[in-house]
Amino acid sequence: MKPTHIEHLGIAVKSLEESIPYYESLLGIKCYSVEEVKDQRVKTAFFLVGATKIELLESTDPEGPIGKFLEKKGEGIHHIAFAVDSATEALAEAEASGLMLIDKVARKGAEGMNIGFLHPKSTHGVLIEFCSK
Ligand code: ZN
C-alpha cells in the first residue's frame, strides 16, 4: 500500500502554551485545532502546511508515550505519519513483510483518523504511523 503523502509530522513539546505561539510566528499560520487524545495521554495542536500537518504533542501523563519520550530524548520530532487508504491494511502488509508493529489493528487517533504505529526497532529508528480517514 503506497502512501499518498506525509499526513503529518508529530513533534513532542513540553508545553503547547509555549509552542503554539512559536509555530504560529515561525510559519505565519494559525493553529486550527487543539484536541486531547486520552488514549494516548496527549494534548495535540495542529497546523496545516500545504497537504501536510504539524502535530504538536504535549504529554498529559509522565508515564504516557510522549511523557517517556520527553524524559529520554527531550523535545523534538517524534514520528512521521503517512496517509494511506486503509491504516489497517497498511499495518497488515507491514507485518506480512516482517516488520514489528506497535498496533496490530488501527485505532482512533486525533481528528477521528484511523491510526497505527510500526515499531521503531524495525524501522531504522523512526517511529512511523499510518493513518487513514
Ligand atoms: Zn501522529
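These values consider heavy atoms only, across backbone and side chains, with no hydrogens, waters or symmetry-generated copies. Both counts, for ligands and for their atoms, begin at 1 and track the order of listing. One-based numbering along the sequence shown.
Closest to the Zn ion (ligand 1) among the N, O or S atoms of Glu129 is OE1. Distances from the Zn ion (ligand 1) to the N/O/S atoms of Glu55 are shortest for OE1.
Within a 6.0 Å radius of NZ in Lys53, more than 12 heavy atoms belonging to other residues, nucleotides or ligands are found. Environment of CD in Glu24: crowded, with over 12 heavy atoms of neighbouring residues, nucleotides or ligands closer than 6.0 Å.
Under the 3.5 Å distance criterion, with hydrogens and angles disregarded, no donor-acceptor pair is assigned to the side chains of Glu55 and His78. The closest side-chain donor-acceptor pair between Lys133 and Asn114, if any, does not fall under 3.5 angstrom.
Taking backbone and side chain together, His79 holds an N, O or S atom under 2.8 Å from the Zn ion (ligand 1). For a distance bound of 2.8 Å, the N, O or S atoms of Glu7 include none lying that close to the Zn ion (ligand 1). Distances from the Zn ion (ligand 1) show that His8 has an N/O/S atom below 2.8 Å.
Neither Val42 nor Ile11 shares a network with the other; the hydrophobic side chains, linked directly or stepwise wherever heavy atoms of I, L, V, M, F, W or Y lie under 4.5 Å apart, form separate groups for each.
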